[in-house]
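Everything below concerns the one structure shown next.
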Amino acid sequence: MPKKIIVLPGDGVGPEVSREAIKVLKTAGRKTGVSFDFLELLAGGISLDAYGVPIREDVIDSCRKADAVFLGAVGGPKWDNYPKERRPEISLFRLRKELGLFTNLRPVRVYEALKNCSTLRTDLIIGVDILVVRELTGGLYFGKPKFTETMGREERAVDTMEYSTSEIERIAREAFRFALNRRKYVVSVDKSNVLETSQLWRKTVDRIGKQYPGIKLEHMLVDNTAMQLLRIPKHFDVLLTENLFGDILSDEAAVLTGSIGLLPSASLGKGVGLYEPVHGSAPDIAGKNTANPLASILSAAMMFRYSFQMEQAALMIEKSVEEVLNKGYRTADIYTGKSGEKSCCTREMGDAVAEALGGMNPSSRSFDGSPENHVERTGDQ
């Protein structure tokens, strides 16, 4: 049966990078005998413009029934003054909550070919391979109460940070489980010297860690983690964080790779997974065909790995990205002008990855490591 994928291209550069990811998905499908049914729907600012809401209930329902959901990006200054309940980002929060997506995976890998793109010294970043495991449905983003009120001549705003034992237990188990197949080392991030939630976080992670005796566990305060990520990034393997800390630290980690346009993500939980690049909608370059689609393409690889359990296909896509970078293809965010580099646009980068993927032998074991409303597209059979 074809894999049904809901595509939410979103706003800004979202449709551009999503288009290239779908191109690569189709190529990988041909190589591995998998077919797809793609259904493009609206979410974010574009849904606000069309329907007056960030995401419609029927879109969420369609996502529940899919095999996977692919998101481009949402938001932009056009909607910054909308009430908070109608901001484009609400569509993403709704999807996370309604689909039960409590685990966010953000791999951070430094490519040898891009070692000069980072602002950090080469000796610090070569070999960096970090997996950020971020709790996605708790903390400040979802805690209640959450409100702004007027008190005389002042306004007062309240956000509530809360975590339960069960929420911490389930994300901790995910982090330890992923560490089993890596370097068996987990750094758990908190602010336990100040926050009650972090004290519960640390106590609970300690208890879950005892169930994984083969995994080394270290606790680190979030401010120290932010410093050590830039000072000794190779120290880290699996980085376990609550929602807000993970959002900030994984974006900081983009400095290691040279561009946030290289970071993919997977949001997993009870059912269908959601895949999206870490970067935002970048409205300043939208429509210019200059955005880096590699984060989106690598998110497609994560879809193969986690939603379809097709590790071989995921590795093929990742190897194709590495091959294209080794050949010197560079979008504007990673172009340095050095000899051997080939400046390319969004579409050309996607074409290069698809071409590299199309030439690969799917049986090889040598691998290392514009939106349309309700238009159905059937993948290659």
Side-chain angles (χ1 to χ4, degrees), residues 5-29 36 38-50 54-55 59 68-79 88-89 91-92 95 114 117 251 254 257-266 274-303 317 320-321 324-325 329-335 342-357 370-377 379:
I5 301 176
I6 300 298
V7 182
L8 307 172
D11 309 315
V13 300
E16 299 169 59
V17 297
S18 296
R19 187 181 304 121
E20 303 312 311
I22 292 171
K23 181 188 302 179
V24 172
L25 272 170
K26 288 182 176 181
T27 304
F36 302 99
F38 295 100
L39 179 61
E40 291 188 2
L41 300 173
L42 303 186
I46 193 169
S47 178
L48 275 168
D49 290 348
I55 188 167
V59 174
V69 179
F70 195 89
L71 176 69
V74 295
K78 177 180 179 180
W79 305 282
E89 294 80 9
S91 61
L92 184 52
L95 284 168
L114 299 181
C117 289
D251 283 358
T257 67
S259 172
I260 200 169
L262 296 166
L263 270 62
S265 80
L274 183 148
Y275 302 86
E276 59 176 317
V278 170
H279 64 71
S281 62
D284 56 320
I285 60 171
K288 296 181 179 180
N289 195 30
T290 60
N292 189 340
L294 293 183
S296 195
I297 290 169
L298 291 168
S299 297
M302 296 183 79
M303 181 186 294
I317 294 174
S320 297
V321 168
V324 165
L325 292 174
Y329 286 88
R330 303 285 187 271
T331 45
D333 58 318
I334 52 175
Y335 180 73
K342 306 171 185 177
S343 177
C344 67
C345 65
T346 306
R347 186 174 294 106
E348 289 168 338
M349 182 66 90
D351 286 344
V353 175
E355 182 179 352
L357 177 62
S370 80
E372 298 163 274
N373 181 24
H374 294 261
V375 175
E376 187 165 0
R377 292 180 175 177

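Heavy-atom basis, side chains included; hydrogens, waters and symmetry copies ignored. Being a predicted model, the structure only gives us computed values, none of them experimental.
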Leu262 CG to Thr257 OG1 distance, which is reported to the nearest 0.5 Å = 4.5 Å

How far does SG of Cys345 sit from CD of Glu20, to the nearest 0.5 angstrom?
-> 8.0 Å

So CD1 of Ile6 and CG of Leu8: to nearest 0.5 Å the spacing works out to 7.0 Å

Any idea which heavy atoms bring Val74 and Ala43 closest together, and the distance?
-> CG1-O, 3.9 Å

Inter-residue atom distance Phe70.CZ - Ser296.OG, 0.5 Å rounding | 3.0 Å

Got a second to check how far Asn292's CG is from Tyr329's OH, nearest 0.5 Å?
-> 14.5 Å

Can you find a heavy atom in the side chain of Pro77 that is under 4.5 Å from one in the side chain of Pro283?
-> yes

Taking every heavy atom of Arg330 against every heavy atom of Leu325, the minimum-distance pair comes out as NH1-O, 2.8 Å

What are the two closest heavy atoms between Leu357 and Ala28, and how far apart are they?
-> CD2-N, 3.5 Å

Test Asp351 against Lys23 for side-chain contact (heavy atoms from CB on, under 4.5 Å), laying out the working first.
-> CA-CA 8 Å; Asp351 286 344; Lys23 181 188 302 179; 2.5 Å; yes

Minimum-distance pair of heavy atoms, taken over all atoms of Asp11 and Pro15 | O-CD, 3.8 Å

How long is the span from the CD1 atom in Ile285 to the CD atom in Glu16, to the nearest 0.5 Å?
-> 7.5 Å

With distance as the sole test, does Thr331 use its side chain to make a donor-acceptor pair with the main-chain N or O of Thr290 at under 3.5 Å?
-> no

Worked check of side-chain contact (heavy atoms from CB on, under 4.5 Å) between Leu294 and Val353 = CA-CA 9 Å; Leu294 293 183; Val353 175; 3.9 Å; yes

Check: Val7 and Pro9 side chains under 4.5 Å, non-hydrogen atoms = yes

Which pair of non-hydrogen atoms, one from Gly44 and one from Ser91, has the smallest distance, and what is that distance?
-> N-OG, 3.5 Å

Candidate pair Asp49 and Lys78, rule side-chain contact (heavy atoms from CB on, under 4.5 Å), full reasoning | CA-CA 10 Å; Asp49 290 348; Lys78 177 180 179 180; 2.7 Å; yes

Closest non-hydrogen contact found for Pro293 with Val17 is CA-CG1, 3.9 Å

Student check: side-chain heavy atoms of Ile260 and Asp251 closer than 4.5 Å | yes

